[in-house]
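See below for the structure under consideration.
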Amino acid sequence: MGVTWSQIFPPPPTLTEVNLPSQNGKVFIVTGGYSGIGFELCRILYRLGGTVYLAGRSEEKALDAIAKIQSLCPPTSLEGSIIFLPISLDDLTTIKPAVKRFTTVESRLDVLFNNAGVSNPPGGTSPQGHDLQLATNCLGPYLLTQLLLPILRRTAGTTSVSSVRIIWTASIVVDAFTVETGIQLAELLGNDADKSRNYLNTKVGNWFLADALASQIGGDGILSLVQNPGNIKTNIMRHSQAFVPFILRPLLYAPRFGAYTAIWSAFASDLKINDGGKYILPWGRMHPCPRDDLLRAMKGKEEGGTGVAAAFVQYCDNQIEAFL
């Protein structure tokens, strides 16, 4: 309960736009940058001189966000650039073209922020027939990440170990509401599955993907982490029942605080390559005591674990294989 409580009322952030150094010469991708945390991330990175790709499906929303960011950031010597990257995470056919478009222009990628996510969207499935939350929160980001590994590896070969990072997004629900098995794969794949449970499963799934990726790419000097950005006032709850945002409003923080969690995850200098797969709490600190059952889920049965995470990752591998 203490860890959950500290996520609701976190200590002050230690790394913000005030003390984050210049990001001139570095390149970033931020999914879901139109509003909320993603918007604040793009704003901070742009203001500090980074080249920022705002990835999303709507060009109109992206251009509006870019114009707003530029208007909020007076010209300085550190001013970077911000570019729209068209992609629809729930449609796996759009992801490879987006990566090709990016790699045709850029020769490096320093940090990939898998920030975008949906919660309780209205009925329907993705173009590939998946639950929309599973597609948007897990399968799309996983495919995007795998396709970007070559450019991430090239960047890591020219920078210090663990400075190239992939940041995944979880939620306080991982600690507070996850079932003991970690994830119910059958529940997630069922057509009649409860949407709230599906959201919970995808947030745990992001930790499983981050941990598996850490094992895959740690040897390349790339750090893969998952973070709970915090309880933030964003539009992710727009599909929830009206009383939910009303009840939670007193416990929600401005989006820039969620961006600070991601900033710490992406730039904290004391994070090392053996921290791969670790869980970051608001507004930037290592999770002191992850749940034992979730740690067991990320171990194979031969290691005394349950193998649940490996089964989920294998499922995701199977779903994205045709789109690699």
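- You'll find the side chain of Leu72 stays beyond 4.5 Å of the side chain of Arg47, heavy atoms only.
- With Thr155 contributing its side chain and Leu109 its backbone, the two residues share a donor-acceptor pair below 3.5 Å.
- The backbone N or O of Asp131 lies less than 3.5 Å from no partner atom in the side chain of Gln133, so there is not a single donor-acceptor pair.
- Side-chain contact annotation: His130 with Asp90, donor-acceptor N/O pair under 3.5 Å absent.
- Scanning all heavy atoms of the two residues, the minimum distance from Phe208 to Ile183 falls at CE1-CG2, 3.7 Å.
- In this structure a side-chain-to-backbone donor-acceptor pair under 3.5 Å is present from Ser58 to Lys61.
- Residue pairs satisfying the salt bridge (Lys or Arg N to Asp or Glu O under 4.0 Å) criterion with at least one member in residues 27-43, sequence neighbours excluded, are listed as follows: Glu17-Arg43, Glu40-Arg43.
- Aromatic ring orientation, Trp5 versus Phe9: tilted (interplanar angle from 30° to 60°).
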Derivation of the side-chain contact (heavy atoms from CB on, under 4.5 Å) call for Ile263 and Leu41: CA-CA 8 Å; Ile263 289 292; Leu41 263 176; 3.7 Å; yes

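- The closest donor-acceptor contact from the side chain of Arg165 to the backbone of Ser265 lies under 3.5 Å.
- Not a single donor-acceptor pair under 3.5 Å links the side chain of Ser171 to the backbone N or O of Lys203.
- Each of Asn206, Leu294, Asn228, Leu200 was evaluated against Val174; a single residue qualifies, Leu294, per the side-chain contact (heavy atoms from CB on, under 4.5 Å) test.
- Between Leu85 and Ala98, the shortest heavy-atom distance links the atoms CD1-O, 3.5 Å.
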Stepwise side-chain contact (heavy atoms from CB on, under 4.5 Å) test for Val164 and Val111: CA-CA 6 Å; Val164 173; Val111 184; over 6 Å; no

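- Closest of all the heavy-atom pairs between Arg154 and Ser107 is NE-O, 4.5 Å.
- Screening residues 275-285 for side chain to side chain donor-acceptor pair (under 3.5 Å) gives Ser6-Arg285, Asp275-Lys278 as the qualifying pairs, with residues at least two apart or on separate chains.
- Ile217 places a side-chain heavy atom less than 4.5 Å from the side chain of Arg153.
- If you take CD1 on Ile280 and CD on Gln227, they are separated by 8.5 Å, rounding to the nearest 0.5 Å.
- Note that the CG atom of Leu139 and the CG atom of Leu89 stand 10.5 Å from one another [nearest 0.5 Å].
- No more than 12 heavy atoms of other residues, nucleotides or ligands lie within 6.0 Å of CD in Glu60, so this atom counts as exposed by the packing criterion.
- One distance of note links CD of Gln70 with SG of Cys42; it measures 11.5 Å at 0.5 Å rounding.
- Shown here for Leu45 and Gln23, the closest heavy-atom pair between the two residues is CD2-CG, 4.5 Å.
- Of the N and O atoms on the side chains of Tyr142 and Asp317, at least one donor lies less than 3.5 Å from an acceptor on the other residue.
- At distances below 3.5 Å, not a single donor-acceptor pair connects side-chain atoms of Trp168 with backbone N or O atoms of Gly277.
- In this structure, Thr202 contributes its side chain and Cys138 its backbone to no donor-acceptor pair below 3.5 Å.
- Under a 3.5 Å cut-off, the side chain of Tyr253 and the backbone N or O of Ile8 do form a donor-acceptor pair.
- Counting only distance, with no hydrogens or angles, the side chain of Asn19 and the backbone of Thr16 share a donor-acceptor pair below 3.5 Å.
- Atoms CD1 and CG, from Ile69 and Asp64 in turn, are 11.0 Å apart once rounded to the nearest 0.5 Å.
- Here the side chains of Phe177 and Ile172 are not in contact, with every heavy-atom distance at 4.5 Å or above.
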Verdict with reasoning, Leu144 to Leu112, per side-chain contact (heavy atoms from CB on, under 4.5 Å): CA-CA 9 Å; Leu144 175 64; Leu112 168 61; 4.1 Å; yes

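- Minimum heavy-atom separation, Ala135 to Pro141: O-CD, 3.9 Å.
- Aromatic pair Tyr53/Phe28: ring centres not closer than 6.0 Å.
- With contacts defined as side-chain heavy-atom distances shorter than 4.5 Å, the pair Leu271/Trp264 qualifies.
- When side chains are defined from C-beta on, Leu223 does not count as touching Ile166, because their heavy atoms never get closer than 4.5 Å.
- Taking the six-membered ring where the residue is Trp, Phe267 and Phe113 present tilted rings, their angle falling between 30° and 60°.
- Taking CG of Asp293 as the start and CZ of Arg296 as the end, the distance is 5.5 Å to the nearest 0.5 Å.
- With contacts defined as side-chain heavy-atom distances shorter than 4.5 Å, the pair Ile37/Phe257 does not qualify.
- Taking both residues in full, the closest heavy atoms of Ile273 and Gly218 are given as CG1-O, 3.4 Å, listed atom of the first, atom of the second, then distance.
- Other residues, nucleotides and ligands contribute more than 12 heavy atoms inside 6.0 Å of the CD atom of Glu303.
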CA sep, side-chain torsions, deciding dist, call: Lys272, Asp270, salt bridge (charged side-chain N to carboxylate O under 4.0 Å, His left out): CA-CA 6 Å; Lys272 306 304 180 186; Asp270 53 343; over 6 Å; no

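- The hydrophobic clustering, which links ILVMFWY residues whose side-chain heavy atoms are closer than 4.5 Å, places Tyr315 and Leu132 apart.
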Intermediate values then yes/no, side-chain hydrogen bond (donor to acceptor under 3.5 Å, both in side chains), Thr93 and Asp91: CA-CA 5 Å; Thr93 65; Asp91 184 354; 2.7 Å; yes

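- Between Cys316 and Leu209, the closest side-chain pair of non-hydrogen atoms falls below 4.5 Å.
- Remark: Phe84 CZ is packed, more than 12 non-hydrogen atoms of other residues, nucleotides or ligands lying under 6.0 Å away.
- Between the Thr261 side chain and the Pro229 main chain, a donor and an acceptor come within less than 3.5 Å of each other.
- Annotation: side chain of Ser22 is not in contact with side chain of Leu48 (no heavy-atom distance under 4.5 Å).
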Ser81 and Ile83: CA distance, side-chain angles, deciding distance, side-chain contact (heavy atoms from CB on, under 4.5 Å) verdict: CA-CA 7 Å; Ser81 59; Ile83 304 119; 4.0 Å; yes

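- To the nearest 0.5 Å, atoms CZ (Arg57) and OG1 (Thr31) are separated by 12.0 Å.
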